[in-house]
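Remember, predicted model here, so these are calculated numbers, not experimental data. Computed from heavy atoms alone, side chains included, the values below leave out hydrogens, waters and symmetry copies.
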Amino acid sequence: IIAVPMLWITAFRCREVVKIPESQPKVTMAQRIQSFRSRPILIIIIAFLFHGFVYYGRAAIYPYYFRYFCGDAGMSVQFGVVMGIANVVGTLIAPSIHKILRHKGKAMFLEVLLFSVPTLLVYWFPPTTQLFAFYALSFLSGVGMGAYMAMLYSMTPDAIDYSYYKSGVSASGFLYAFTSFMCKVGGALAPAIISITNNALGYVPNAVQNASVLGGINSMMSIVPGVVALIYAVLMLAYPISDNRYNEIKLELAKRQGTY
């Protein structure tokens, strides 16, 4: 219901036309590795690692949180609807934030901050005692996540162009694949850490959990992703490509390729 219209909107609004050259020089593995020698692409790679950790980590803790901490597994459905709507809102407002700041790194900083602060506050406003505050904070964090996800994926081609501009090596496919891989690395680490932590605290499946397990579950739903996201947000301040700078890079690349 939500995803299909979003895909159609993206397809119809996308105006970029990529001209594929008839022949391209072969890129060696050494040249591909050289393409990492670029601060923007390194920041994007680390950002995808953090994003995978936060996104998939929270997805992994949801069943534990609502079933054991809240005592109502059915709340996960309501929570998913709220977050889904919030993500769409965030995706829609992300271009406006970027338009105001004219710098994707700064826009990303604010958007990740919008996710991290409400997520941290959820620790002190759980649905068991503060239902309205919990959903209000969750909605805000969902808006932040939707916005920063849209911005992160829009920053990736900019960083890849910057790497090409600096190194002279076109390794777009390799770099796109590597950013996706790092997201999956983060997505694998977080659930593994959750499982190890729960076991260490004394988690027993399908039973009443002890206070340590419940406290750990609450922290992994709020404090842990919130703190990781704060680090993530600060990292975005080091992203060096403003809109003006990117326009200069595009112009220079067009001259090199003889399309200017």
Side-chain angles (χ1 to χ4, degrees), residues 41-66 69-70 75-76 79-91 93-94 97 104-127 134-156 159 178-198 215-239:
I41 199 66
L42 289 176
I43 289 172
I44 294 300
I45 288 170
I46 297 170
F48 268 102
L49 176 68
F50 282 172
H51 168 59
F53 187 93
V54 169
Y55 184 84
Y56 293 105
R58 285 199 99 200
I61 200 65
Y62 290 161
Y64 299 98
Y65 184 77
F66 292 109
F69 185 81
C70 300
M75 285 185 66
S76 61
F79 180 79
V81 171
V82 170
M83 291 297 285
I85 295 171
N87 285 169
V88 171
V89 173
T91 302
I93 68 171
I97 297 173
K104 290 183 179 179
K106 293 177 182 178
M108 186 77 163
F109 168 75
L110 290 179
E111 290 157 0
V112 178
L113 210 59
L114 179 58
F115 166 79
S116 65
V117 174
T119 299
L120 281 166
L121 291 175
V122 161
Y123 182 85
W124 293 278
F125 295 91
F134 170 78
Y135 277 118
L137 290 169
S138 296
F139 185 84
L140 286 175
S141 71
V143 171
M145 176 173 279
Y148 87 63
M149 285 175 64
M151 193 58 58
L152 177 58
Y153 282 94
S154 77
M155 292 167 76
T156 305
F178 198 84
T179 57
S180 179
F181 171 72
M182 291 306 290
C183 183
K184 290 173 175 61
V185 170
L189 283 174
I193 291 171
I194 288 170
S195 179
I196 293 168
T197 302
N198 278 343
I217 289 171
N218 192 22
S219 296
M220 289 185 284
M221 177 71 173
S222 53
I223 298 294
V224 175
V227 169
V228 171
L230 279 176
I231 299 170
Y232 180 6
V234 173
L235 175 68
M236 290 300 105
L237 292 176
Y239 186 78

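What you find for I194 and G57 is that their closest heavy atoms are CD1-O, 3.2 Å. A229 approaches V112 most closely through the heavy-atom pair O-CG1, 3.1 Å. Of all non-hydrogen atoms in F115 and S141, the two that sit nearest each other are CD1-O, 3.2 Å. Scanning both residues, P63 and A60, for their nearest heavy atoms gives CD-O, 3.4 Å. Taking all atoms of both residues into account, the shortest heavy-atom contact from S222 to T119 is CB-O, 3.2 Å. Annotation for F109 and V234: closest pair CD1-N, 4.3 Å, computed over non-hydrogen atoms.
Taking the side chain as every heavy atom from C-beta outward, Y232 and M108 approach each other to under 4.5 Å. M236 places none of its side-chain heavy atoms less than 4.5 Å from the side chain of K106. No side-chain heavy atom of Y56 sits under 4.5 Å from any side-chain heavy atom of I61. Side chains of M149 and T91 form no contact here, defined as non-hydrogen atoms less than 4.5 Å apart. For the pair Y135 and P127, the minimum side-chain heavy-atom distance is 4.5 Å or more.
Without hydrogens or angle criteria, K104 side chain to S154 main chain gives a donor-acceptor distance under 3.5 Å. When atom types are taken as modelled, the side chain of R58 and the backbone of P225 share no donor-acceptor pair closer than 3.5 angstrom.
Y55 OH: 12 or fewer foreign heavy atoms inside a 6.0 Å radius. Heavy atoms of other residues, nucleotides or ligands lying less than 6.0 angstrom from CZ of F66 number more than 12.
If you take CE on M220 and OG1 on T197, they are separated by 5.0 Å, rounding to the nearest 0.5 Å. Here the CG atom belonging to L152 is positioned 8.0 Å from the OG1 atom belonging to T179, to the nearest 0.5 angstrom. Expressed to the nearest 0.5 Å, how far CZ of F69 lies from OG of S219 amounts to 9.0 Å. In this structure, OG on S116 lies 12.0 Å from CD on E111, to the nearest 0.5 angstrom. We find the CG-CD1 distance between L235 and I231 to be 10.0 Å, quoted to the nearest 0.5 Å. L137 CG to L120 CG: the interatomic distance, rounded to the nearest 0.5 Å, is 10.5 Å.
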Any chance you could lay out the side-chain contact (heavy atoms from CB on, under 4.5 Å) test for L230 and L113, step after step, and finish with the verdict?
CA-CA 7 Å; L230 279 176; L113 210 59; 3.7 Å; yes

What pairs of donor and acceptor atoms, side-chain ones from residues 46-53 against any protein atom, are under 3.5 angstrom apart with sequence neighbours left out?
from	atom 1	to	atom 2	distance (Å)
H51	ND1	Y148	OH	3.1

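F79 has its ring centre less than 6.0 Å from the ring centre of Y62.
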